[in-house]
Structures are given as C-alpha cells and as structure tokens.
Amino acid sequence: MRKALRWLLALTVLIGTLSTAGAATAAEPEATDIKDRLLSVPGMSLVQEKPYPGYRFFVLNYTQPVDHRHPAKGTFQQRITVLHKDVSRPTVFYTSGYNVSTTPGRREPTQIVDGNQVSMEYRFFTPSRPDPADWSKLDIWQAASDQHRIFEALKTVYPKNWISTGGSKGGMTATYYERFYPRDMDGVVAYVAPNDVVNHEDSAYDRFFATVGTKECRDRLNAVQREALVRREPLEKKYAEYAAAEGLTFDTVGGLDRAYEAVVLDYVWGFWQYSRLSDCDSVPADAPNATDDEIWNSVDTISGFSFYADQGLSPYTPYYYQAGTQLGAPTIHFPHIEKKYIRYGYQPPRNFVPRDIPMKFQPWAMRDIDTWVRHNARRMLFVYGQNDPWGAEPFHLGKGAKDSYVLTAPGMNHGANVAGLVADDKALATARILDWAGVAPAAVDRAKPLAKFDAKLDVRDIEREPTLRP
C-alpha cells in the first residue's frame, strides 16, 4: 500500500512538472532576480552558481522523463548550465552531444549575438543518466525532446529569439533537434556535423585521405602508421608495460592487441581532424629509420594509447551505443599498408560497448534526417573545415531549403568556425546569425560580432570525438 501511495505521489509531481514546464504559476509574482526566475521553473534545481564578469553562470539540474512517450515511467536529472547576460538579449542553445562543461564558456554564436547561452548535457552521459539505464531510451528523438522541454521551460525566462548550435556530434544534435521540433528555434548553426546517410558506403572518406593536404605530408603520416604495425611486437610490449603502470584493462574491446591496432589505425584520421598542415613538420620524416620511441610518441600524441582501454571507453559508452544504433560510423581502407599487418581493420561501435547492452542498427534514422534537411531546412547554417575528415560526408541542401547555407573554411580542421571562413562567407554567415537572432537591422548590416572577444570565455576548443569517429 505504501509503495502504491509513493508511486501515485511521484506520478502526480511528474505530471505537474510536465504540464507546467514552460510557465510560472499564476499565483506567484514574477521573480526579479534571474536565479529566482530560473528556480521557479518546475523541475529546476540549483547545483552551483559561479561568478564571471558581466554574466551570471548557473549549473542546474532539470527533471526529465526517461521516456518522453511515456513520461509516467520514471525521471532522471539532466544537467544544464545557463550563462546569463540579460533577458532582453537573444539566447543560444548549445550542446556538444556529450557532457556539459561546468566552467563558464561562450560559443561562437553567443559571442556574435552578445546573448545568453543555455548548454545541455546529452542524456546518458554521466551524471545525466537514468538509474537503472534503459539504453533503448537513448536515441535522437528522445534527446531532441529533452531539448524541446528545456526550451519550453526557459522560453518565458528568455523570450527573445533562440538559436541552437553545436560542433561535431553537437552539430548533429542541433540538426536532429531542428528536424523533430522545427518551430522551436529561430536559427541553427551546426559546425562540422557529419552526415553518414548510408552506413556501409564510406568511399568518400577514402577519396578524402587520398587528396587531403600535400603528398609529402600524407606520405609521412602513412609511413608512421605502417611502421607502427610493422613493429607491433616491440611496441605492444611497451604498451603492456604502459597499461600495467597505469592500471588499464581491455575487457570491452577484447584485448590489448585489438586496442593497439585501433589506436594505430586512428593515427592518420586523428592528425587531419585535430592538426594543421603546418604540423606535418612534427611527424617523423623517415619512419623506417625512426626509433621505437619516436614512432610510439607520434602515435600516442595524436591517437592516445589510453583511449581503447576500458577506462578510456567507459565515459563514451553512450556515444558508441548511438553510433551502433542510429548515427553510423565510417569504415576506411589503408592501401598503404599490406594486409598481413592489419588483423581487425576499423572496428565497429559494437566492439566498444559492453556486451550486456543490446544494440541493433536502424538504417532509416539518418536517411530520414538527410531527406528532411535537403527538403525542409529553414534558417540553417552548416560550417565545415576543408581538411577535416568529417567533412567528407556533409549535409547537403536541396531546392526545398530556404535561407540555409553550407560553407567550408579553407585549410581548417575539426575546429572550423565562422571566423575561419573567407571574408565574403564570413560576412554572410555572421549577418544571417544576427538576423536570425532578431537584433537591430544596423547590426545585421555591419555583420560583425556584437561582443568583444574574451580570451577566457571564448576559448575555441576543437570538439574532440572519441576514437576520432562520430
């Protein structure tokens, strides 16, 4: 009887939260302090407030249903942050597609519009994970519905225009959110967002690696990658010593040998994703005559030998689950390496998720997104880097798209942004973002960021992907 009463009480509270998430109760006067206004939202609680000059920064928890189709079946606490400027300013809705940073930071569109920023931690990334975790509730629609509820909850606090944004998996997330809730946002800025429409057709990546950069740089990288597999025995001995010293285990991937090859096969991809052509000077020029330490250090610096250990994989289990169920993952070939040196090839996401979590791929999920963007995109901006491998399979716009753009920053990698575009494209992108944000027409015409660059707040970190794959 007591269990039934507790269940009924929890259900009543949840239904009240869901039905009133977007509005304060009529009986309460409007709070004047922004913290009070945020905490007046049903289901919102304060974790911490951190000071930053010119802003107020809040780390919050928001009560979300585990399943938006059946909200009575349980809730979890989703972590969000709010960088508050002024309720009269536009708001940027950001997610990396992974964990949320609890350090004050401003994404590029936020600087451009001089606005507020709401940042969301993606569901199932700790601590925003239901307990127990029903992994079937980790999909792109459920995550988009998380964003939709947060937007509805905060729209009355921040009533001006909203723009969603994110980089890499965050750019994908912003795109999926727009597909499922196209009436929420006034604009979308998706950075370096991969679009793996057909999971088993990845020849675009092979063509990319055959032409990116210069032949001299490609040859250097290919030679180091090959040499790391030629010297597998002595370097795996070094790997085992390193793993023992660091307490690393390899149960999920299936052993140290599989982990070693996975790290090495990420090497060339990782260089182009996170480095510039000018960084080729740091790559050993004569791999066959390089020392073991030189080969090891180059691979470790770019790929990271700790990543495929259980301790490196565990924080990214939600990503690999999604890659193996909806997002897809590229498979590339290595024509510069003899087959006798490659035992496993690019391994599928299934190999990086604990076996007790069931997975089944849904090939229609990305086809639906791609078709929708081509024919229905409205006020969407996609920014790619010329030398970023993920740009090999970008989003495309069809005749049905309106006020939407796909722009490429020359020479840039996975950190491509509006600031890195050529002058005309930069002016176009900046003007469209300002217009979507609803700022004064004179500011739109000037096409310049409204806020000055802040060396601490505007750190342009590259959106790092686990194992260099989305």
Side-chain angles (χ1 to χ4, degrees), residues 34-35 38-39 41 43-52 54-64 76-87 89-129 143-155 157-158 160-178 181 184-185 187-193 315 318-319 417 433 437 451 454 456-464:
I34 187 59
K35 181 167 72 173
L38 291 170
L39 296 182
V41 173
M44 196 74 73
S45 59
L46 179 68
V47 176
Q48 188 179 12
E49 179 177 357
K50 298 181 179 181
Y52 196 88
Y55 292 88
R56 294 182 69 180
F57 181 73
F58 303 95
V59 181
L60 304 157
N61 277 332
Y62 183 57
T63 303
Q64 292 275 26
F76 71 102
Q77 295 300 300
Q78 186 168 40
R79 189 166 58 171
I80 68 172
T81 67
V82 174
L83 184 68
H84 171 77
K85 174 79 174 184
D86 194 294
V87 294
R89 300 301 304 164
T91 298
V92 172
F93 198 167
Y94 165 75
T95 178
S96 69
Y98 297 94
N99 293 103
V100 70
S101 172
T102 56
T103 300
R106 193 167 62 180
R107 310 314 300 181
E108 188 180 46
T110 312
Q111 182 201 353
I112 289 175
V113 306
D114 191 21
N116 311 290
Q117 181 176 297
V118 174
S119 302
M120 181 191 83
E121 187 160 74
Y122 204 94
R123 61 168 41 212
F124 280 68
F125 283 87
T126 54
S128 299
R129 181 179 296 184
S145 298
D146 289 341
Q147 286 194 267
H148 175 63
R149 285 196 70 243
I150 293 169
F151 166 71
E152 287 198 319
L154 296 179
K155 178 63 175 176
V157 180
Y158 297 106
K160 301 299 182 180
N161 289 18
W162 283 59
I163 291 176
S164 64
T165 193
S168 196
K169 185 171 181 283
M172 299 158 75
T173 301
T175 303
Y176 308 155
Y177 175 34
E178 181 71 8
Y181 295 96
D184 282 7
M185 297 289 105
V188 178
V189 185
Y191 296 92
V192 295
Y319 156 69
N417 57 13
I433 292 170
D454 183 312
K456 292 184 178 180
L457 207 58
D458 297 319
V459 175
R460 303 296 189 219
D461 59 307
I462 297 176
E463 303 282 358
R464 294 192 71 86

Open item on the list: When you compare the side chains of Thr63 and Gln77, does any donor N or O come within less than 3.5 Å of an acceptor on the partner?
Closed with: yes
Task: Gly97 to Phe125 - nearest heavy-atom pair and separation - done: O-CE1, 3.4 Å
TODO: Report yes if some heavy atom in the side chain of Asp458 is under 4.5 Å from a heavy atom in the side chain of Thr110; otherwise report no.
DONE: no
Task: Worked verdict on Leu39 versus Leu60 for side chain to side chain contact (heavy atoms under 4.5 Å, CB included) - done: CA-CA 9 Å; Leu39 296 182; Leu60 304 157; 4.1 Å; yes
Open item on the list: Please find the pair of heavy atoms, one from Arg79 and one from Glu121, that lie closest to each other, and give the distance.
Closed with: NH2-OE2, 2.6 Å
Task: Smallest separation among heavy atoms of Pro315 and Pro318, with atom names - done: O-CD, 3.7 Å
- [ ] Search all heavy atoms of Gly167 against all heavy atoms of Tyr94 and return the closest pair with its distance.
- [x] N-CE1, 4.5 Å
Task: Gln64-Arg149 side chain donor-acceptor pair, cut-off 3.5 Å - done: yes
Task: Polar contact flag, side-chain donor to acceptor under 3.5 angstrom, Asp454-Tyr52 - done: yes
Task: Cation-pi, Tyr319 ring and Lys169 (6.0 angstrom, 45 degrees) - done: no
TODO: Carefully, step by step, assess Tyr55 and Gln117 under the rule side chain to side chain contact (heavy atoms under 4.5 Å, CB included).
DONE: CA-CA 10 Å; Tyr55 292 88; Gln117 181 176 297; over 6 Å; no
TODO: Mind checking the NE2-CD1 spacing from His148 to Ile150? Nearest 0.5 Å is all I need.
DONE: 11.5 Å
Open item on the list: Looking at every non-hydrogen atom in both residues, tell me the closest pair between Pro90 and Ala437 and how far apart they are.
Closed with: CB-O, 3.6 Å
Open item on the list: Test side chain to side chain contact (heavy atoms under 4.5 Å, CB included) on Tyr177 and Phe151; report intermediate values, then the result.
Closed with: CA-CA 11 Å; Tyr177 175 34; Phe151 166 71; 3.5 Å; yes
Task: Donor-acceptor pair, side chain of Gln111 and main chain of Ala451, under 3.5 angstrom - done: yes
Task: 4.5 Å side-chain heavy-atom contact, Ile80 and Met44 - done: yes
TODO: Look at the rings of Tyr158 and His84 and say which category their plane angle falls in: under 30° parallel, 30 to 60° tilted, over 60° perpendicular.
DONE: tilted
Task: Interatomic spacing from OH in Tyr62 to CE in Met120 - rounded to 0.5 Å - done: 12.5 Å
Open item on the list: Go through it in stages, so that I can follow the logic: the residues are Val82 and Asn116, the test is side chain to side chain contact (heavy atoms under 4.5 Å, CB included), and I'd like the CA-CA distance, side-chain angles, deciding distance and then a yes or no.
Closed with: CA-CA 7 Å; Val82 174; Asn116 311 290; 5.8 Å; no
Task: side chain to side chain donor-acceptor pair (under 3.5 Å) partners for Tyr176, two or more places apart - done: none
Task: Smallest separation among heavy atoms of Gln147 and Phe93, with atom names - done: O-CE1, 3.4 Å
Open item on the list: Within the 3.5 Å criterion, strictly below it, is a donor on Glu108 or Tyr191 matched to an acceptor on the partner's side chain?
Closed with: yes
